[in-house]
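Bear in mind that the values here come from a model prediction, so they are computed numbers and not experimental data. Lettering of chains follows the sequences in order, A, B, ..., and the numbering in each one begins at 1. We use all heavy atoms of the structure for the numbers below, so side chains are in, but hydrogens, waters and symmetry mates are not.
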Protein chains: 2
Amino acid sequence: MRDGLPRNQALVLDMLRSDQGRALTAYELLARLGPAGMRGPQTIYRALEGLLKCGLIHRIESLNAFTACAHAHEGHGYGHHTHRPAFAVCRNCGAVRELDDPALAAVLGVVADRSGFAVQDRVIELVGACGACAAAPG
Amino acid sequence: MRDGLPRNQALVLDMLRSDQGRALTAYELLARLGPAGMRGPQTIYRALEGLLKCGLIHRIESLNAFTACAHAHEGHGYGHHTHRPAFAVCRNCGAVRELDDPALAAVLGVVADRSGFAVQDRVIELVGACGACAAAPG
DNA sequence: GCGGATGACGTGATGTTATCACATAACTGA
DNA sequence: TCAGTTATGTGATAACATCACGTCATCCGC
């Protein structure tokens, strides 16, 4: 069990890492990991839940898809400090990039405080065209 | 046709406004507006699409639900300046509040520029407990 | 007024995303 | 060994969203 993770979590994590910089839906994962023995959505969703909980992957709400955390290194495993970065998502090519900006984090903290909400989770996604796709003809 | 909107858009908008400060899913709208003659999901989704396009409602990605824009006043109608504010979403009671913060908007602009992405849409949601729910026992 | 273009709507089928419910197996520690 | 917990298998179902095709009304140029 790689990284000390349960088998299914390891399978899903490896698949997502092999698509670094992209996001896969649960059913795309299911299709790709069917041959490895994952037979139903439940199996995938359970693995995803575990990986989300320990911060090894992130959910992209605007795509209903999942991407490997760009900062989770080998050996962090359980107990890894979970961050919730912002993402830039390209509508054209599907590229997903983490945006870690201290100023953004700071402002979000202030906004959250002022809002009177006890913030438990953040969804910060910038959706558009990545540099390459914006420059491309068409 | 209230506000010069097509009938179905007007029905959906009125329903969402009657739940100001909350969000409703497409199927909740369908259930409530069935008696008014809206029979299928398509009918609802078409109305939602039109309302989103002219900025009279917003989609809350983390809920797969929709909420009336807090700033769209009577008479704005088509051509209304569409903003995409941030939202605070209470997991407990379902409250949805728009957060319009100039500093946040400014930082997002900078982050977007630096990212090299041509940003077409933003999803900014703070999910947690509203003041009342955070204070409540249990 | 005819005819085409457009926009709104009705409706059944289908596609996609996510969860429930219940059974079985595997690991862990007294 | 046995109980408690965690992980998994699997079929059914729920929730969210779109496709495809047809109809009807309005508008506009001729």
Atom-pair distance ([atom1] on [X]; [atom2] on [N]), nearest Å:
{"X": "A/L48", "N": "C/dT19", "atom1": "CG", "atom2": "P", "value": "10 Å"}
{"X": "A/I44", "N": "D/dT8", "atom1": "CD1", "atom2": "C1'", "value": "12 Å"}
{"X": "B/F66", "N": "D/dA15", "atom1": "CZ", "atom2": "C1'", "value": "13 Å"}
{"X": "A/L30", "N": "D/dG9", "atom1": "CG", "atom2": "C1'", "value": "13 Å"}
{"X": "B/L11", "N": "C/dC9", "atom1": "CG", "atom2": "C1'", "value": "12 Å"}
{"X": "B/L24", "N": "D/dA15", "atom1": "CG", "atom2": "C1'", "value": "15 Å"}
{"X": "A/Q42", "N": "D/dG11", "atom1": "CD", "atom2": "P", "value": "13 Å"}
{"X": "B/I60", "N": "D/dA17", "atom1": "CD1", "atom2": "C1'", "value": "18 Å"}

Residue A/Y27, side-chain heavy atoms: nucleotide from D/dG9, C/dA18, C/dA8 that is nearest: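 Of all the options, the side chain of A/Y27 is nearest to C/dA18.
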Nucleotide nearest B/R59 (side chain, heavy atoms from C-beta), chosen from D/dC16, D/dG9, D/dA17: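 So the nucleotide nearest the side chain must be D/dA17.
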Atom [atom1] of [X] and atom [atom2] of [Y]: how far apart are they, to the nearest 0.5 Å?
{"X": "B/L11", "Y": "B/M38", "atom1": "CG", "atom2": "CE", "value": "6.0 Å"}
{"X": "B/L48", "Y": "B/Q9", "atom1": "CG", "atom2": "CD", "value": "9.0 Å"}
{"X": "A/D121", "Y": "B/S62", "atom1": "CG", "atom2": "OG", "value": "8.5 Å"}
{"X": "A/L16", "Y": "A/R32", "atom1": "CG", "atom2": "CZ", "value": "9.0 Å"}

Nucleic acid contacts - residues 31-40 of chain A versus DNA chain D, non-hydrogen atoms under 4.0 Å: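 Per residue number, the list reads A/R39.
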Per-pair stack call A/Y45 and C/dT19, 5.5 Å, 30°: no
Short side-chain N/O contact from B/R7 to OP1 or OP2 of D/dC24, under 4.0 Å: no
Presence of A/R46 side-chain N/O under 4.0 Å of D/dT10 phosphate oxygens OP1/OP2: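 A/R46 to D/dT10 OP1/OP2: no side-chain N or O under 4.0 Å.
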B/E98 side chain vs B/P85 backbone, donor-acceptor pair below 3.5 Å: no
Single-linkage hydrophobic cluster, 4.5 Å side-chain cutoff, A/I60 and A/L99 together: no
Shared hydrophobic cluster, B/L63 / A/V119 (ILVMFWY, side-chain heavy atoms < 4.5 Å):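 No, B/L63 does not connect to A/V119 through the hydrophobic network.
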Of B/N64 and A/P41, the one whose closest DNA chain D nucleotide lies more 5': A/P41
